[in-house]
Novice: 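This structure is in structure tokens; I'll ask about it shortly.
For this chain, numbers begin at 1 and follow the sequence in order. Numbering of ligands and ligand atoms starts at 1, following listing order. Heavy atoms only: backbone and side chains are in, while hydrogens, waters and symmetry mates are out.
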Amino acid sequence: LGGFSTAFSQNKEAKKLQPISKPLVSDIYTADPSAHVFEGKIYIYPSHDIEAGVKENDNGDHFAMKDYHILSLDKIGGKVTDHGVALDIKDIPWAGRQLWAPDAAYKNGKYYLYFPLKDKNDVFRIGVATSTKPAGPFRAEKNPIKGSFSIDPCVFKDTDGSFYMYFGGIWGGQLQKWSKGSYDAKGALQANNQEALAPKIAKLSNDMLSFSEKPKDVKILDEHGKTLLAGDNTKRFFEAAWLHKYNGRYYFSYSTGDTHFINYAIGDNPYGPFTYKGVILKPVQGWTNHHSIVEFKGKWYLFYHDTEISGKTHLRNVKVTELKYNPDGSIQTIDAYK
Ligand code: FUB
């Protein structure tokens with residue numbers, strides 16, 4: 001995650017374009033929408049953006065969020081309910097700063113909220129909090145998930161009932177500081193001609209509170225079977241992992257960060273490798289691009305954000321639009337502006 005190069009908002013032409021969707025809520029700023037169908041409704045687990053007064057930088061320090069609000073809606077286009085504060089940073093025992101993009105899962109009568117947060121040493125870890133209700137309130141575990149690091153958890157339930165967490169993000173998301181297996185504050189990004197840093201996957205334990213294995217690399221290959229290179233920054237992974245299954249195939253989607261696309265790759269099992277297929281969402285207003293994909297009542301939807309209300313990269317608003325597949329299973333590219 002970065003700060004300075006607002007590719008889209010610097011494009012004066014783009015500012016004239018009409019958004020295809022409206023913000024889902026306008027009384028608070030929301031971003032990074034992870035949508036799920038729970039109890040017959042759509043629940044959205046977004047970041048809750050605030051004006052924290054922190055100067056913008058390439059580490060994303062200006063994204064200094066302090067709580068989560070969960071949103072729900074009975075139908076697409078229907079009323080959106082903001083369920084209020086579901087988890088506050090002051091109630092997370094290990095908290096340092098910055099509650100970034102969360103996700104949620106349901107198993108055996110309990111809801112789990114997974115969230116990235118810097119610990120007291122300013123190292124991003126992934127935490128978990130539980131509730132009996134989809135909108136919380138959630139109670140955080142005393143410690144982050146053992147062996148977790150970096151940002152942007154996505155928890156996917158496979159059809160056999162297994163749960164997997166995908167995670168990671170470069171730049172301010174710190175993934176490059178873990179390339180030797182432990183935290184190295186000086187850890188740098190790969191050179192352009194080296195393989196791009198891979199996002200991670202770990203199967204969750206039965207109690208949903210820990211990893212049942214050491215995180216593994218999620219390989220993203222080009223059409224020739226070669227791992228994407230770090231220099232291939234219109235295609236390679238940056239942050240915002242999401243996994244969904246369609247017609248028996250596994251679709252891994254993600255943001256390319258500094259080139260602002262949501263791309264996808266297809267695999268035949270949760271661990272990959274995944275083969276790069278194309279762009280799901282073109283750059284939106286603001287620096288970040290972050291999404292989720294969910295099926296609801298027979299249609300597929302892309303949840304995403306832009307900065308329509310504020311015009312500021314760290315004060316975003318979540319949106320939704322329909323996502324369509326071609327007969328061969330490829331996804332039709334979405335331009336969020338007309
Ligand atoms: O919202 C904070 C960060 O911005 C997220 O964790 C990234 O994915 C980016 O959207």
Side-chain angles (χ1 to χ4, degrees), residues 1-9 28-35 44-52 54 56-71 87 89 96-104 113-118 122-127 144 148-155 165-176 197 199-200 236-243 252-263 280-281 283-293 302-308 310 312-319 336:
L1 180 137
F4 287 126
S5 55
T6 47
F8 191 100
S9 52
I28 59 169
Y29 293 112
T30 52
D32 312 321
S34 293
I44 307 172
Y45 298 82
S47 299
H48 175 200
D49 285 352
I50 51 165
E51 182 52 83
V54 179
E56 196 165 318
N57 63 24
D58 274 352
N59 263 338
D61 284 347
H62 48 305
F63 295 92
M65 296 85 104
K66 293 186 187 321
D67 65 18
Y68 292 115
H69 281 227
I70 291 154
L71 310 175
L87 179 66
I89 198 166
R97 60 181 180 136
Q98 297 182 289
L99 279 173
W100 282 12
D103 194 18
L113 178 68
Y114 298 93
F115 56 90
L117 171 66
K118 280 182 182 156
D122 233 25
V123 175
F124 266 118
R125 305 278 179 181
I126 295 168
S148 71
F149 53 92
S150 197
I151 59 165
D152 291 4
C154 158
V155 174
M165 182 186 289
Y166 298 83
F167 62 94
I170 61 174
W171 292 26
Q174 301 181 341
L175 194 58
Q176 68 280 6
L197 277 177
K200 305 290 171 192
R236 61 93 174 90
F237 172 85
F238 188 104
E239 62 188 2
W242 188 258
L243 198 287
F252 181 77
S253 50
Y254 53 94
S255 168
T256 62
D258 55 341
T259 53
H260 319 283
F261 293 102
I262 298 295
N263 286 349
I280 295 178
L281 178 63
V284 294
Q285 296 165 334
W287 198 96
T288 65
N289 204 352
H290 192 128
H291 70 300
S292 65
I293 295 167
L302 175 80
F303 287 79
Y304 65 104
H305 67 227
D306 69 9
T307 58
E308 180 183 339
S310 75
K312 291 185 183 160
T313 238
H314 62 294
L315 299 176
R316 301 161 289 181
N317 44 254
V318 299
K319 297 184 164 187

Novice: Could you name the option among T313, N289, D152 that has the heavy atom nearest to atom 5 (C) of ligand 1?
Specialist: D152

Novice: Going by distance only, is there an N or O of W100 that falls short of 3.5 Å from an N or O of ligand 1?
Specialist: no

Novice: For ligand 1, which atoms have a heavy atom of A101 less than 4.0 angstrom away?
Specialist: 5 (C), 6 (O)

Novice: Under a 3.5 Å threshold, yes or no: a donor from one side chain and an acceptor from the other, between H305 and T288?
Specialist: yes

Novice: Judging by distance only, is a nitrogen or oxygen of H305 under 3.5 angstrom from one on ligand 1?
Specialist: no

Novice: In ligand 1, which numbered atoms sit nearer than 4.0 Å to a non-hydrogen atom of M65?
Specialist: 1 (O), 2 (C)

Novice: Hydrogens and angles aside, do H48 and D67 bring a side-chain donor and acceptor to less than 3.5 Å of each other?
Specialist: yes

Novice: Heavy-atom contacts with H290 under 4.0 Å: which atoms of ligand 1 show up? List them by number with element.
Specialist: 7 (C), 8 (O), 10 (O)

Novice: Going by the order shown, which atoms of ligand 1 are within less than 4.0 Å of some heavy atom of S47?
Specialist: 1 (O)

Novice: Could you tell me whether D49 and ligand 1 have an N or O pair separated by under 3.5 Å?
Specialist: no

Novice: At a 4.0 Å threshold, what atoms of ligand 1 neighbour a non-hydrogen atom of R316?
Specialist: 1 (O), 2 (C), 4 (O), 9 (C), 10 (O)

Novice: Parallel, tilted or perpendicular: which one describes the rings of F149 and F167, with boundaries at 30° and 60°?
Specialist: perpendicular

Novice: Is it the case that T30 and H69 place a side-chain donor and acceptor less than 3.5 Å from each other?
Specialist: no

Novice: Heavy atoms only: give me the nearest F124-G172 pair and the separation to one decimal.
Specialist: CE1-O, 3.4 Å

Novice: Hey, is H314 touching ligand 1 through its side chain, its backbone, both or neither, going by heavy atoms under 4.0 Å?
Specialist: neither

Novice: Do S310 and T307 meet the criterion of a side-chain donor-acceptor pair at a distance under 3.5 Å?
Specialist: no

Novice: Starting from the C-alpha separation in whole Å, work towards a yes-or-no answer on side-chain contact (heavy atoms from CB on, under 4.5 Å) for Y45 and Y114.
Specialist: CA-CA 10 Å; Y45 298 82; Y114 298 93; over 6 Å; no

